[in-house]
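Some notes on the structure that comes next.
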2 protein chains.
Amino acid sequence: MAGKDHVGGRKAVTLTEVARLAGVSVATASKALNGRSQVAARTRARVLQAAEQLSFVPNTLAQGLLVGRTGTVGLLTSDLQGRFVIPILMGAEDAFGAGRVNVFLCDARGDTIREQHQLKALLSRRVDGLIVVGSRTDSRPSVGHDLPVPVVYVYAPSDDPEDLSLVPDNVAAGRLAVEHLISCGRSRIAHVTGDPSYAAAQDRVTGALAALDAAGLELVGEVMYSEWSERWGRDATAVLLERYPDIDAVLCGSDQIARGALDTARDQGRKVPGDIAVIGFDNWDEMVTNSRPELTSIDPNLQLLGRSAAQRVFAALDGEEMGKGVHTQAPRLVIRGSTVARR
Amino acid sequence: MAGKDHVGGRKAVTLTEVARLAGVSVATASKALNGRSQVAARTRARVLQAAEQLSFVPNTLAQGLLVGRTGTVGLLTSDLQGRFVIPILMGAEDAFGAGRVNVFLCDARGDTIREQHQLKALLSRRVDGLIVVGSRTDSRPSVGHDLPVPVVYVYAPSDDPEDLSLVPDNVAAGRLAVEHLISCGRSRIAHVTGDPSYAAAQDRVTGALAALDAAGLELVGEVMYSEWSERWGRDATAVLLERYPDIDAVLCGSDQIARGALDTARDQGRKVPGDIAVIGFDNWDEMVTNSRPELTSIDPNLQLLGRSAAQRVFAALDGEEMGKGVHTQAPRLVIRGSTVARR
DNA sequence: CACGAAACAGAAAAGGGTTTCGGTCTTTTC
DNA sequence: GAAAAGACCGAAACCCTTTTCTGTTTCGTG
């Protein structure tokens, strides 16, 4: 008997066994366990005790077969590795966890074939909904328009305007950053950012330039594009300080670049934030709290984004209209020592 | 018809509908789709075409109901946030993805009640196996001994020796680090590490001391414990350099601490690796490649750990003996510029 | 005591797929 | 020409749970 299902374990208990032990029919057992009213108190107690004794757990799959809902959602990501996916995932898992929904996690590793495969697997599991999470804010191909379940795209929007996409508002983020720098009394602001092929980079530039324009200011020099690394932050800032020694703020396209900027400023004896203010994007905890000084950053509120996605799927399940188009999530400014001196 | 299931979608297609379209019984349709031999070639073609036309996807749940297997595995983590869980998760998801197993992801947020809840949910979903991932290498309470499915603990071992646990070998890691420093000609080695309540910290110390002992050396000063942060790395290294100016290597308990050490060394004009070698643990990509110089580190091979866990569950499903006790995963030394000068 | 009304228990169907078994139709062989 | 063999298809059972509907018992009341 042992070792039949697996070593040391027993097969899962079914309602039939509970009913037999309690000496009732499965129908009665079901009603007793689900609090239906057509069961005598004594009978109910007997059933409950039997269920307890066998540590019975109802088979959600069989339940789902009846109801037509599985209470599961597929979360299809293209890049788990990436920092941005995790907070989104947590937000979604959190929102779902509250109701009794479980999440299937699939990582396509950025491979389209693989993604199709995973998609099919999820549909065959009859997920009630689908959340597609990308690793860049650039638009991505839709997974299809006439799927039997609602789909929400997060972080990376779908290229099909009929789909619903939830993305961080990087234009607002750029604007917010510059407004903060200006409010700190800065006026000679330079911008070092990452890979120009990223929509995130372009959007932040757009927002930053708009905010500068609104204040009657201009960016110092050209936007410096390259890669999202500390190294580039260091190198670019070195060039910047040589070419424009009088800048009083560096707007950095990511927290990593910002850390590089802080390092170079420090190396060259420029005080932060006294001589130069530095601000980053992403509010990546480890980067932001370990630098000297701690880094002011724009938080894209990714966890909220994940939660919203989950709520949208919930709503769609309840028959609500799904909505479409790209919706943005407002960012949040987190002020630390790199722009405002600590008393 | 539209908007019945959800906006813009259609209900999932069942085998019955395919059979009707093909003009055969469900039995025949099933056999045709599954390559059974008792179907005429022409009939089979008709069924396949019908399935194609309706884009039929078989209901894995219904299949699982028959077979008694769902082809799903629960992955129960206590802390998704943590850096260590993700690589493990990826390794497992990867290994499972190859076979047709899908992963339910649950995050208990470090809450025991919540964990029990999730566990019950997973069992009610009839997962075929369970992987429990912790965020520290300290042992954790077993989720129970007589569950109807095989369970593997990863990173954080179970406190029940009857359970199977897979953990990184931190003793070996400590040893490996010191051996590397010695092989680089270092002999005056100090150790700055994190929170002493972490088994990881203690184990690495054990390994390090053993390696020193084997080489006839002694640690310079006491082990310096505090927290796993860059700040502590900086402060501790400053103290160290003042108290023992002649040290030629700092063994750091994490990559973060090591980055702090690098910063302080740089501030004080000590050349790395010329004057002082620095080595960290975890091989955390962003930390390790962005420092000046790049950081030598011990990689705990977490992805392999996740993969092993998946394979163990697979094996158990195939009726193999589960095994028990704590098994360790050998670490890997990754040499970079902080211990060996780049030509 | 008899009748109606509750109260309670159980049989059966449903949900989607697979499999077994039995039946029909065609083909081969003597 | 008849019997045996094979090829092919379909009815029905099964997995597990819920729900509806029917049947039985008990109780209260006239």
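Chain naming here is simple, since letters A, B, ... match the order of the sequence lines and numbering starts at 1 in each. If you're wondering where the values come from, they're calculated on a predicted model, not measured in any experiment.
The side chain of B:Thr43 lies closest to D:dC9, out of D:dC14, D:dC9, D:dC16. Of the candidates D:dG10, D:dT17, C:dG17, the closest approach to any side-chain atom of A:Thr14 belongs to D:dT17. Taking every side-chain heavy atom of B:Ala40 into account, D:dC9 is the closest of C:dG17, D:dC9, C:dC8. In this structure, of D:dA11, C:dG16, D:dT18, it is D:dA11 that holds the atom nearest to the side chain of B:Ala27.
Between the CG atom of B:Leu33 and the P atom of C:dT19 there is a distance of 12 Å, rounded to whole Å. Atom-to-atom, CZ of B:Arg20 to P of C:dG17 comes out at 12 Å; the value is rounded to the nearest Å. Spacing between atom CG of A:Leu66 and atom P of D:dT17 amounts to 11 Å, rounded to whole angstrom units. The CG atom of B:Asn59 sits 21 Å away from the P atom of D:dC14 (whole-angstrom rounding). As rounded to whole Å, 14 Å separates atom C1' of D:dT17 from atom CD of A:Glu17. B:Leu65 has its CG atom 9 Å from the C1' atom of C:dG15, to the nearest Å. B:Leu15 has its CG atom 5 Å from the P atom of C:dG17, to the nearest Å. With rounding to whole Å, B:Arg42 atom CZ is found 17 Å from C:dC25 atom P.
In terms of phosphate contacts, B:Thr28 brings no side-chain nitrogen or oxygen within less than 4.0 Å of OP1 or OP2 of D:dC9. In this structure, B:Gln38 does not reach the D:dC8 phosphate: none of its side-chain N or O atoms is under 4.0 Å from OP1 or OP2. Residue A:Ser30 places at least one side-chain N or O closer than 4.0 Å to OP1 or OP2 of D:dT18. A close approach under 4.0 Å does occur between a side-chain nitrogen or oxygen of A:Asn34 and OP1 or OP2 of D:dT18. Side-chain N/O atoms of B:Arg36 include one lying less than 4.0 angstrom from OP1 or OP2 on C:dT19. Distances shorter than 4.0 Å separate some side-chain N or O of B:Gln63 from OP1 or OP2 on C:dT18.
Between A:Asp79 and A:Arg136, none of the side-chain N atoms (NZ, or NE/NH1/NH2) sits under 4.0 Å from a carboxylate O, so this pair counts as no salt bridge. A salt bridge is absent between B:Arg100 and B:Asp128: the closest approach of a Lys/Arg side-chain nitrogen to an acidic carboxylate oxygen does not fall below 4.0 angstrom.
Contact record, A:Gly134 with A:Ser78: CA-OG, 3.6 Å, taken as the closest heavy-atom pair.
Looking at heavy-atom distances under 4.0 Å, A:Val67 makes no contact with the nucleic acid at all.
For B:Lys31 and D:dG10, a side-chain-to-base donor-acceptor distance below 3.5 Å is present, hydrogens and geometry of angles not being considered.
Counting heavy-atom neighbours within 6.0 Å of A:Gln81 CD, excluding the residue itself, gives a total of 12 or less.
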**Request:** Before giving the answer on side-chain hydrogen bond (donor to acceptor under 3.5 Å, both in side chains), spell out for B:Ser142 and B:Asp160 the whole-Å C-alpha distance, their side-chain angles and the decisive distance to 0.1 Å.
**Result:** CA-CA 6 Å; B:Ser142 174; B:Asp160 184 337; 4.5 Å; no
